[in-house]
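What follows is a short report on a single structure.
Proteins come first, then strands; the chains are lettered A, B, ... in the order of their sequence lines, and each starts at number 1. Just so it is clear, the model here is predicted, and its values are computed rather than measured.
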There are 2 protein chains.
Amino acid sequence: MLSHINASATLDPIRAFAADRAPVAKPAGDENRRVGQRIADTLALLAAKLAPQRRLVRAGEVIYQAGGRFDNLYILNSGFFKITTLSPDGREQVVGLKFRGDWLGFDGIAGGAYSCDAVAMDTGEVWAIPYEALLAACSGHRDLLTVLHEAMSREIAHDRDSLMSVCTLPADARVAEFLRHWADSLAKRGLRTDQIALRMTRAEIGNYLGMTLETVSRALSRLARDKVIGFSSKGRRDVHIPDVAALTAFVQRCLAPAPTLQ
Amino acid sequence: MLSHINASATLDPIRAFAADRAPVAKPAGDENRRVGQRIADTLALLAAKLAPQRRLVRAGEVIYQAGGRFDNLYILNSGFFKITTLSPDGREQVVGLKFRGDWLGFDGIAGGAYSCDAVAMDTGEVWAIPYEALLAACSGHRDLLTVLHEAMSREIAHDRDSLMSVCTLPADARVAEFLRHWADSLAKRGLRTDQIALRMTRAEIGNYLGMTLETVSRALSRLARDKVIGFSSKGRRDVHIPDVAALTAFVQRCLAPAPTLQ
DNA sequence: CGGGCGTTTGAATCAAATCAATTGGAGTGG
DNA sequence: CCACTCCAATTGATTTGATTCAAACGCCCG
């Protein structure tokens with residue numbers, strides 16, 4: 001699985017590891033604030049221009065299903081969703097996770113019907129935005145169109161990152177990268193990242209990452225053993241992340257072929 | 001890897017196999033023609049409204065690179081491209097393959113810079129479409145905007161299918177599915193699908209599918225042994241596909257846990 | 001013709017899946 | 001409150017599919 005790694009000469013896992021205990025770097029903090037602002041601005045803009053229909057959801061509720069007629073895009077104001085697809089032969093796949101500020105339903109534009117299911121994993125609020133109304137509003141407000149296109153662009157770029165992760169990272173690194181991305185998403189939204197509630201079963205995480213639930217469990221145990229994560233006293237569903245950078249370092253350690261021992 | 005398969009009771013691999021030798025079904029043929037028409041219409045529309053700058057490329061030419069300033073979207077009039085990303089730590093990943101009518105560069109919209117490389121794998125013609133000019137033209141022509149959004153939507157949906165394949169299919173099935181999709185893409189563009197020139201090395205295919213080149217080679221050998229594909233007399237780069245449906249059947253056979261022997 | 005790259009194939013190894021048993025919590029009802 | 005069930009999670013033992021290592025082959029091109 002690691003055959004395609006171009007062990008570039010510039011790679012220096014030691015340096016990366018040295019950065020372990022450093023607090024979140026300045027530029028990253030700025031970037032996070034910027035993204036948080038962008039999300040707030042986007043929501044405000046949509047609220048102002050389109051008065052979207054707000055819907056409160058509880059864990060388990062479905063806001064659209066594959067095959068359903070496409071009329072609305074949705075944007076998350078709060079909560080957390082999973083996006084799943086089902087192949088004709090019955091394989092199921094979690095293909096995306098969505099947080100505040102993320103859009104849902106882009107896949108429906110092309111065919112006039114959604115091709116995925118969107119399921120709430122927690123209580124939250126989604127705004128329904130009729131696609132036709134959005135287009136109409138876009139013609140008068142260039143910034144609305146920009147916001148829409150940027151959201152689609154970001155989704156495309158992110159999907160590629162996901163593919164890269166499943167194709168190039170070993171199981172342990174994939175789990176670490178998954179947690180890192182989650183923490184990062186929370187940070188960008190101004191939420192605390194030291195204590196995160198996954199609200200997904202090991203099976204769901206494993207499905208998303210292309211591995212079995214047992215492998216997820218083992219990876220988490222190893223991360224905990226290495227003190228990269230911790231489990232809250234009550235239950236092992238919530239994960240404590242003392243330092244996000246340590247997750248990145250862990251990924252690099254998984255990739256390093258020889259630990260340069262001695 | 002197959003743990004998440006919901007072996008639905010409606011699944012019937014025998015039926016699927018029985019369809020092996022059937023010619024391409026009517027509805028699929030219609031669908032292909034429809035898609036071919038859509039691509040031709042899109043290209044005609046863009047040519048008429050935007051007079052895009054046409055550029056001839058030869059195999060190996062790069063039309064944009066990660067980090068490069070985003071100004072243009074591109075649409076392929078002919079030829080065939082690969083899209084690759086490079087992670088900060090040096091992992092490389094083929095994240096997409098593009099054919100006539102496909103757009104390139106959507107990933108650049110959000111950040112103002114491309115996040116991937118686009119490399120020609122064959123001679124062809126790409127049209128450069130300045131993004132700002134496109135947006136300007138869209139305000140007057142709703143159909144242009146529709147075409148753009150549908151292309152982005154299709155890309156998102158396709159990326160999800162890719163993720164599903166790498167996450168849920170064993171290596172052999174992944175290669176079969178890859179060939180099936182390739183043949184399908186050619187069929188939609190009105191090209192012959194019985195004889196296809198991959199123009200990718202085993203290493204590139206393997207990278208795209210998340211496996212090593214040796215595994216790709218073995219999978220192709222097995223497909224040939226099972227008469228699902230054939231190799232042209234000269235060289236093993238070109239693949240002969242007598243019947244696309246047989247590839248789908250092969251995928252299903254890979255998934256069937258027990259071949260219901262006896 | 002010979003060198004270099006891409007491909008095939010075999011053998012050994014390894015990471016992850018599978019199988020199996022156990023533990024731990026959350027919720028229910030006596 | 002405790003016993004009970006149910007489901008999620010953990011952990012160990014074993015198997016297996018894919019990688020890795022290695023060797024040989026074929027083809028293109030100077």
Side-chain angles (χ1 to χ4, degrees), chain A residues 1-5 7 59-60 91 121 165-176 178 197-225 229-239 251 253-258, chain B residues 1-5 7 59-60 91 121 165-176 178 197-225 229-239 251 253-258:
Chain A
M1 194 56 113
L2 302 176
S3 61
H4 21 57
I5 294 178
R91 284 169 290 140
M121 301 297 284
S165 284
V166 297
C167 284
T168 66
L169 293 181
D172 285 8
R174 230 139 77 212
V175 172
F178 165 77
L198 293 178
R199 289 179 217 279
M200 294 173 76
T201 65
R202 304 291 190 248
E204 286 171 316
I205 297 171
N207 179 288
Y208 180 50
L209 299 177
M211 65 188 73
T212 59
L213 64 137
E214 292 96 330
T215 302
V216 175
S217 179
R218 282 184 238 271
L220 289 172
S221 295
R222 269 186 287 266
L223 281 164
R225 184 175 50 69
I229 65 168
F231 288 109
S232 74
S233 46
K234 295 265 187 226
R236 293 174 67 99
R237 209 66 175 270
D238 294 7
V239 173
V251 172
R253 246 176 296 152
C254 290
L255 291 171
Chain B
M1 194 56 114
L2 302 176
S3 60
H4 20 56
I5 295 179
R91 285 168 291 139
M121 301 297 284
S165 284
V166 297
C167 284
T168 66
L169 294 181
D172 285 9
R174 229 139 78 212
V175 172
F178 165 77
L198 293 178
R199 289 180 217 279
M200 292 172 78
T201 65
R202 303 291 190 250
E204 285 171 317
I205 297 171
N207 179 288
Y208 181 49
L209 299 176
M211 65 188 74
T212 60
L213 63 134
E214 293 96 328
T215 303
V216 175
S217 178
R218 282 183 239 271
L220 289 172
S221 295
R222 269 186 288 265
L223 282 164
R225 184 174 52 66
I229 65 169
F231 287 110
S232 75
S233 46
K234 295 264 191 235
R236 294 175 65 101
R237 209 64 176 270
D238 294 7
V239 173
V251 172
R253 246 177 296 152
C254 289
L255 291 172

A side-chain contact here means heavy atoms from C-beta on lying under 4.5 Å apart; do [X] and [Y] qualify?
X: A:D238; Y: A:F231; result: no
X: B:E204; Y: B:L198; result: no
X: A:V216; Y: A:M211; result: yes

Residue-phosphate contact under 4.0 Å: [X] side-chain N/O, [N] OP1/OP2:
X: A:S221; N: D:dT11; value: yes
X: B:T212; N: D:dT19; value: yes
X: A:T215; N: C:dA16; value: no
X: B:R236; N: C:dT8; value: yes

Heavy atoms from C-beta onward define the side chain here; which of [options] lies closest to that of [X]?
X: A:R237; options: C:dT7, D:dT19, D:dA8; answer: D:dA8
X: A:S217; options: C:dA16, D:dT11, D:dA18; answer: D:dT11
X: A:P170; options: C:dT8, C:dA16, D:dT11; answer: C:dA16
X: A:E214; options: C:dA17, C:dA20, C:dT9; answer: C:dA20

Could you state the atom-to-atom distance from [atom1] of [X] to [atom2] of [N] in whole Å?
X: A:R225; N: D:dT10; atom1: CZ; atom2: P; value: 14 Å
X: A:R222; N: C:dA15; atom1: CZ; atom2: C1'; value: 10 Å
X: A:N207; N: D:dA8; atom1: CG; atom2: P; value: 14 Å
X: A:L209; N: C:dA15; atom1: CG; atom2: C1'; value: 16 Å
X: B:L169; N: C:dA17; atom1: CG; atom2: P; value: 14 Å
X: A:R202; N: C:dG25; atom1: CZ; atom2: P; value: 13 Å
X: A:F231; N: D:dT10; atom1: CZ; atom2: C1'; value: 10 Å
X: A:E204; N: D:dA8; atom1: CD; atom2: P; value: 9 Å

Practice prompt. Over all heavy atoms of both residues, which pair between A:R237 and A:R199 is shortest? Give the atoms and the distance, please.
Written response: NH2-C, 4.4 Å

Worksheet item: Which pair of non-hydrogen atoms, one from A:C167 and one from B:Y208, has the smallest distance, and what is that distance?
Response: SG-O, 4.1 Å

Discussion item. Counting the atoms with a prime plus P, OP1 and OP2 as sugar-phosphate, which does A:R218 contact under 4.0 Å by heavy atoms, base, sugar-phosphate, or nothing?
Written reply: base

